[in-house]
Engineer: 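Have a look at this one.
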Amino acid sequence: MNMKIVFSIALLLLNYSCSSRKVNHSAALSTERELKSTLTSLMQSIDELKFDLDEKRINNFDPEGVVELEEALLTRNMQLIKFIHEVFSKRKAFSFSTKELAAHSSLKIVFSDDKRLCSFSWDSGLGGTMDQHVLICQFQEPNKAISSKILYAAGMIKCKQRYNCIATSIRNIAHTNAYFLLGTNQFESNTIGESAFFLAINSGKLDEMNALKCAEKAANYFFLKRDLINNSYTIELEDEILLEKRNLTDIYSVNINTNFSGENKLEIFIQADNAKELIWS
């Protein structure tokens, strides 16, 4: 990525803390239709800029045009981050229909089973050949106030790489305040996979929950990485491989699955070549 863009991202995003933020509901509230319309318009603009930028990068005939589009895309991403984090969190109703939004843009919105936690995620388009996402989570407190937390945004210094994903599902664990989030990512040019992590709502904050016990370590996340060239996959943390399987017949079929057992406990397992391997229960 252009170093100027990287520096600009970091500088602009310093204004947006990763910490949770309670919303003042005495502020004037827009109608749900107006909020959704603005949300859709901003994401559609990002989608259009990403398409134009890809076209210029492929044709490689207008370097100055590429830089201009990158700067415009950075600005529009920042506008959407600010809108979701500071404005959309002021809506009156926490849960809402996402069908129309999904039909008109690439913004991915997912709610937990109990409708207390939701995620907003999208590809910022700022990663060049790599995926570079934005992931924002919002949750509803017992007093119905909505809090917002930025888990990952392109170039944000304090956010952790594990959250660089498009969230695809959120499972509430046995009717508690604990949640398991699953997301997809392109880790490298020939490596795709999924990010999986645990979060918990505690005292008005959304925190990491170290539910995974690996030897002497405890963590709130793991990666499933599929190597498309070597037909292999690994389960790993950022600095440790926990499990590795090679010579699979169909690497595209490998994925993380979840289900609740008869005792109403969440189980996480890897499905590969029609075989299951339990990872966590």
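Count residues from 1 along the sequence. Given the structure is predicted, the values throughout are model-derived calculations rather than measurements.
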Engineer: Partners of F197 by ring-ring contact (aromatic ring centres under 6.0 Å, His included), sequence neighbours excluded?
Structural biologist: Y163
Engineer: Does a donor on one side chain sit under 3.5 Å from an acceptor on the other, for N230 and S232?
Structural biologist: no
Engineer: Please name all residues satisfying side chain to side chain contact (heavy atoms under 4.5 Å, CB included) with D47, sequence neighbours left out, ordered by chain then number.
Structural biologist: M43, K50, S105, S106
Engineer: Which residues pass the side chain to side chain contact (heavy atoms under 4.5 Å, CB included) test with I58, not counting sequence neighbours?
Structural biologist: none
Engineer: Is the backbone N or O of S124 less than 3.5 Å from a side-chain atom of N77, with the two atoms forming a donor-acceptor pair by type?
Structural biologist: yes
Engineer: Excluding sequence neighbours, so at least two apart, what forms side chain to side chain contact (heavy atoms under 4.5 Å, CB included) with S37?
Structural biologist: S41
Engineer: Between D113 and Y179, do the side chains contain an N or O donor and an N or O acceptor separated by less than 3.5 Å?
Structural biologist: no
Engineer: Please check: side-chain N/O of T98 versus main-chain N/O of L101, any donor-acceptor pairing under 3.5 Å?
Structural biologist: no
Engineer: Measuring from L39:CG to L80:CG, what's the distance to the nearest 0.5 Å?
Structural biologist: 6.0 Å
Engineer: What closest approach, in Å, do N172 and A178 show between heavy atoms, and which atom pair accounts for it?
Structural biologist: ND2-O, 3.2 Å
Engineer: Between S121 and V134, is there a side-chain heavy-atom distance shorter than 4.5 Å?
Structural biologist: no
Engineer: What residue pairs, at least two apart or across chains, pass salt bridge (Lys or Arg N to Asp or Glu O under 4.0 Å) with a residue in residues 221-233?
Structural biologist: K225-E236
Engineer: Is the shortest side-chain heavy-atom distance between H133 and W122 below 4.5 Å?
Structural biologist: no
Engineer: Establish whether L182 and V110 are linked, either directly or via other cluster members, by ILVMFWY side-chain heavy-atom contacts under 4.5 Å.
Structural biologist: yes
Engineer: Does N185 reach the main-chain N or O of N164 with its side chain, forming a donor-acceptor pair under 3.5 Å?
Structural biologist: yes
Engineer: For the OG1 atom of T234 and the CG atom of L224, what is their distance to the nearest 0.5 Å?
Structural biologist: 7.5 Å
Engineer: Which residues pass the side-chain hydrogen bond (donor to acceptor under 3.5 Å, both in side chains) test with R116, sequence neighbours left out?
Structural biologist: none
Engineer: Using every non-hydrogen atom in the two residues, find where A153 and I81 come nearest and quote the distance to one decimal.
Structural biologist: CB-CD1, 3.9 Å
Engineer: For K36, which residues count as a salt bridge (Lys or Arg N to Asp or Glu O under 4.0 Å) partner, sequence neighbours excluded?
Structural biologist: E32
Engineer: With sequence neighbours excluded, tell me which residues meet ring-ring contact (aromatic ring centres under 6.0 Å, His included) with Y233.
Structural biologist: none
Engineer: Nearest 0.5 Å, what's the CG-CE distance between N177 and M209?
Structural biologist: 8.0 Å
Engineer: Donor-acceptor pair, distance only, cut-off 3.5 Å: does the side chain of N210 make one with the backbone of E208?
Structural biologist: no
Engineer: For T31, is there any backbone N or O sitting under 3.5 Å from a side-chain donor or acceptor partner on E34?
Structural biologist: yes
Engineer: Indicate whether any N or O donor in one side chain lies under 3.5 Å from an N or O acceptor in the other, for S45 and R76.
Structural biologist: yes
Engineer: Would you please name every residue forming a ring-ring contact (aromatic ring centres under 6.0 Å, His included) with F269, sequence neighbours left out?
Structural biologist: none
Engineer: How far does CZ of F88 sit from CG of L42, to the nearest 0.5 angstrom?
Structural biologist: 11.5 Å
Engineer: Thinking salt bridges, do E141 and K205 make one under a 4.0 Å N-O criterion?
Structural biologist: no
Engineer: Just so I know, are the side chains of L35 and F83 near enough to count as touching, which here means a heavy-atom distance under 4.5 Å?
Structural biologist: yes
Engineer: In Å and rounded to the nearest 0.5 Å, what is the CG to OG1 distance from N255 to T184?
Structural biologist: 12.0 Å
Engineer: Report yes or no: do Y221 and Q161 form a side-chain donor-acceptor pair below 3.5 Å?
Structural biologist: no
Engineer: Sequence neighbours excluded, which residues qualify as ring-ring contact (aromatic ring centres under 6.0 Å, His included) partners of F111?
Structural biologist: F94, F96
Engineer: List in chain and number order the residues that pass salt bridge (Lys or Arg N to Asp or Glu O under 4.0 Å) with E244, two or more places apart in sequence or in another chain; answer none if no residue qualifies.
Structural biologist: R246
Engineer: Return yes if some donor-acceptor pair links the side-chain N/O of S89 with the main-chain N/O of I146 below 3.5 Å, else return no.
Structural biologist: no
Engineer: If you define the side chain from C-beta out and look only at heavy atoms, does anything of I170 sit under 4.5 Å from L199?
Structural biologist: no
Engineer: Let me see the working for L107 and I46 under side-chain contact (heavy atoms from CB on, under 4.5 Å), right down to the final yes or no.
Structural biologist: CA-CA 10 Å; L107 179 65; I46 289 173; over 6 Å; no
Engineer: Do you know which of S169, S112, C137 makes side chain to side chain contact (heavy atoms under 4.5 Å, CB included) with S119?
Structural biologist: C137
Engineer: Atom CD1 of I270 and atom CD1 of I235: how far apart are they, to the nearest 0.5 Å?
Structural biologist: 3.5 Å
Engineer: For residues S147 and Q138, is any side-chain donor paired with an opposing acceptor at under 3.5 Å?
Structural biologist: no
Engineer: Under a 4.5 Å cut-off applied to non-hydrogen side-chain atoms, are L117 and L181 in contact?
Structural biologist: yes
Engineer: With sequence neighbours excluded, tell me which residues meet side chain to side chain contact (heavy atoms under 4.5 Å, CB included) with F51.
Structural biologist: E55
Engineer: Does the pair D54 and D52 meet the rule for a side-chain contact (heavy atoms from CB on, under 4.5 Å), with working shown?
Structural biologist: CA-CA 6 Å; D54 285 342; D52 292 341; over 6 Å; no
